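Notes for the one structure printed next.
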Amino acid sequence: MATNYDVARIFLEIAEALELSGQDPYRVRAYRNAARTLLSLEEPLAEIRRRGELLSLPGIGESLAAKIAEILDSGRLRQHDELMEHFPPGVAAMMHVPGVGPRTAQTLFRELGLTSVEELEHAAREGRLRALKGFGAKTEANILQNIARLRTRRQRIPLARAYPLAQQVIHLLRAAAPVRDIEAAGSLRRMTEDVGDIDILVTSDDPAAVMAAVTRLPFVQRVLATGPTKTSVLSEQDVQVDVRVVAPENFGAALQYFTGSKEHNVKLRTLAVRQGLKLSEYGIFRGDTRLGGATEEEMYRPLGILMYPPELREDRGEIERGLAGVPPDFVEERHLRGDLHVHTNASDGRASLRAMVEAARERGFTYVAISDHSPARGNARGLSAARLRAQAREIRALNRELTDITILAASEVDIRRDGTLDYPDDVLAELDLCLASVHSAFNLSREEQTARLLRAIDSPFLDIIAHPTGRLVGTRDPIELDMRRVMTAAAAHEVALEINSWPERLDLNDAHILLARELGVPLVIDTDAHAPEHFDNLKFGVATARRGWATPADILNTIPLSQLLPRLRRNRLRKAA
DNA sequence: GCCGTTTTCGGCCCGACTGTTTTCAGTCG
């Protein structure tokens, strides 16, 4: 049976082939929109079809519904087969080379018979491209360079790398040029887990000086383009950085526009057109009258739409809610009263108990759970039961000394391969709070891994599952899980799932958080700090929670300790009984 | 190919930069 992904891939290939054949771009877009819908579905298409609800999916009409049915029934689509005969997959692949779009790929295919990136590279090396109309030596050289770049570059840059680089650019430009406002836009501002490039917006009295300064940034490997308002450079680590200078009165318009997402903007502009308004990066207009654009709010207000924060702008319903006048009410850093996952140098942390608690206190937290590793984490100096008890005594002593923060004696206990926890129950019973997580056997089957977590959730002592999928963005895949089953069990047992703030983890991710809220699973946002400065990572966890539409009420550690402790105790008693 | 509190037909977001053009097409975001 064809999966949702299979159907989406066929639609995407059709879109590319139609683009190559010079078809109506809106028809092309219809296939891409449909693919996007399919990729976001929770449920198999076959189920939706069985219920006769294909037509209720956004972007699916009579024609595409019939094509989905054909693919589900036969595993293929005649239209797709025919298109692939006319345009071999390699021809579409040439469009992945930057600077080669559908028209160029079509010309290369028709005039030179090129059917793959390899053949394109060969032809460029032999100087055969410049014979074509509209091609020159420079185009040829660019294509070669871009093919080389395509081969070496990492497809997406994890937020963990992109965010610090963007901050660096901002600091360096402030120092090197007369910059007034400067802000990162793009997917970085929306805090997606990885980004394609870095977009920086600037206002300045001397745009030319800013553009020049960008080309001279210390990490610039190559200047890709530079004009009076936009400069694109490639960093040494192959990250593209785009810097745009805009007039101060347009800053809000540009920020809104370049923050996106593309889908959010398309919908917004479509609504604007219906109201006789026009949006661009230069403002919002009725005819020739400019209604605003200095701030982002000015871009939404004339449309009668409440502005939602950048993390929400993914066209997941935020525009409709803003239009209906429902104000945004999402979790912010200031709502968090405590951190429930913190390490010390007793296991693999870098700082002492006292130093970590002090850092948490300075941050404004009124409680903090110290959760070092259990014995199974030998390489992280996991605590024996005796050391864990000694730490608990140390915590009680410190609690008598400190007045404005309370320390919880906790542990991040390993979930063993079989789903049992890495301390005996009598030890777990002594803890104020118990987190558990998977640090081993990442490649069990979906069934085994699901059973493993379900068994852990059954433990009467478990309060929180930390970084539930174990994924590392761009490095390690999440463990295979039937997330819906795990979450249903977690909701039933009132076990919370963590949103881990490490930018490499962001685990749960936004899609899981949306599902957790739907299923009524309690959530916590933790830093998993291993050093005092790691509390700064909280912003990534909070942003991810917002991407999952989490409100303060969804997040357990927004409540005061006086409410949290009884809840933990009650839960433990209920589960033991 | 989709879609509708302007429309069941005629819309579907818009501007900057590049290269090769002597006025603009193609690509990108």
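Predicted model only: the values in this text are computed from it and were never measured. The sequence lines fix the lettering, A, B, ..., with proteins before strands; numbering per chain opens at 1.
Checked by atom type, the side-chain pair A/Tyr163/A/Lys539 shows no donor-acceptor distance below 3.5 Å. Judged purely by distance below 3.5 Å, without hydrogens or angles, the side chains of A/Arg222 and A/Gln145 pair a donor atom with an acceptor atom.
In this entry the distance linking CE of A/Met95 with C1' of B/dC28 reads 14 Å, nearest Å. Between the CD atom of A/Gln256 and the P atom of B/dG29 there is a distance of 19 Å, rounded to whole Å. Rounded to an integer number of Å, the gap from CD1 of A/Ile200 to P of B/dG29 is 16 Å. Atom CG in A/Asp199 sits about 12 Å away from atom C1' in B/dC28, given to the nearest Å. Between A/Glu320 atom CD and B/dC3 atom P there is a gap of 14 Å when expressed in whole angstrom units. In this structure, the CD1 atom of A/Ile14 is 9 Å from the P atom of B/dG1, given to the nearest Å. For the pair A/Gln240 CD and B/dG29 P, the computed distance is 6 Å after rounding to whole Å. Distance A/Ile143 CD1 to B/dT27 C1': 12 Å, rounded to the nearest Å.
By the ring pair (Phe, Tyr, Trp, His ring centres under 6.0 Å) test, A/Tyr257 is found to be paired with no residue, residues two or more places apart in sequence or in another chain being considered. In this structure A/Gln23 satisfies the side-chain hydrogen bond (donor to acceptor under 3.5 Å, both in side chains) test together with A/Arg27, sequence neighbours excluded. Under the side chain to side chain contact (heavy atoms under 4.5 Å, CB included) criterion, A/Ala30 pairs with no residue, sequence neighbours left out.
One C1' atom belongs to B/dG19, the other to B/dT6, and the distance between them is 42 Å to the nearest Å. Only the C1' atoms considered, B/dC12 is 16 Å distant from B/dT8, to the nearest whole Å. Nucleotides B/dT21 and B/dA16 have their P atoms positioned 24 Å apart, rounded to a whole Å. Using C1' as the reference atom, B/dT22 and B/dT18 are 16 Å apart when rounded to the nearest Å. Comparing the P positions of B/dT20 and B/dC13 gives an interatomic distance of 31 Å, to the nearest angstrom. Rounded to whole Å, the separation between the C1' atoms of B/dG15 and B/dC9 comes to 29 Å.
For A/Trp502 and A/Phe540, the gap between ring centers reaches or exceeds 6.0 Å.
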>> I'd like to compare against my own output: the B/S/- annotation of nucleotides 5-15 of chain B with a strict under-4.0 Å heavy-atom distance to protein.
In response: -B-----BBBS
>> How would you summarise protein contacts on nucleotides 18-23 of chain B per nucleotide, using B for base, S for sugar-phosphate only and - for none, with heavy-atom distances below 4.0 Å?
In response: SSS---
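The A/Pro228 side chain lies nearest to B/dC17 when the options are B/dC17, B/dG1, B/dT27.
Ion pairing between A/Glu121 and A/Arg125 holds under the 4.0 Å rule for side-chain N and carboxylate O.
Side-chain contact between A/His96 and A/Val117 is absent, with no heavy atoms from C-beta onward closer than 4.5 Å.
Looking at which nucleotide of DNA chain B each of A/Phe258 and A/Ala65 is closest to, the 5′-most match is held by A/Ala65.
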>> side chain to side chain contact (heavy atoms under 4.5 Å, CB included) for A/Ile525 and A/Leu538? Distances and angles first, verdict last.
In response: CA-CA 8 Å; A/Ile525 303 175; A/Leu538 192 64; 4.1 Å; yes
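At the heavy-atom level, A/Val28 lies nowhere under 4.0 Å from the strands shown. Counting non-hydrogen atoms under 4.0 angstrom, A/Ile60 reaches the backbone sugars and phosphates but no base.
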Distance-only check: which donor-acceptor pairs under 3.5 Å involve side-chain atoms of residues 297-307 of chain A, not counting sequence neighbours?
{"from": "A/Glu298", "atom 1": "OE1", "to": "A/Gly293", "atom 2": "N", "distance (Å)": "2.8"}
{"from": "A/Glu298", "atom 1": "OE1", "to": "A/Ala294", "atom 2": "N", "distance (Å)": "3.0"}
{"from": "A/Tyr300", "atom 1": "OH", "to": "A/Gln256", "atom 2": "NE2", "distance (Å)": "3.1"}
{"from": "A/Tyr300", "atom 1": "OH", "to": "A/His264", "atom 2": "NE2", "distance (Å)": "2.9"}

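Nucleotide B/dG1 forms a pair with B/dC12, judged by Watson-Crick or G-U wobble geometry with both contacts under 3.5 Å.
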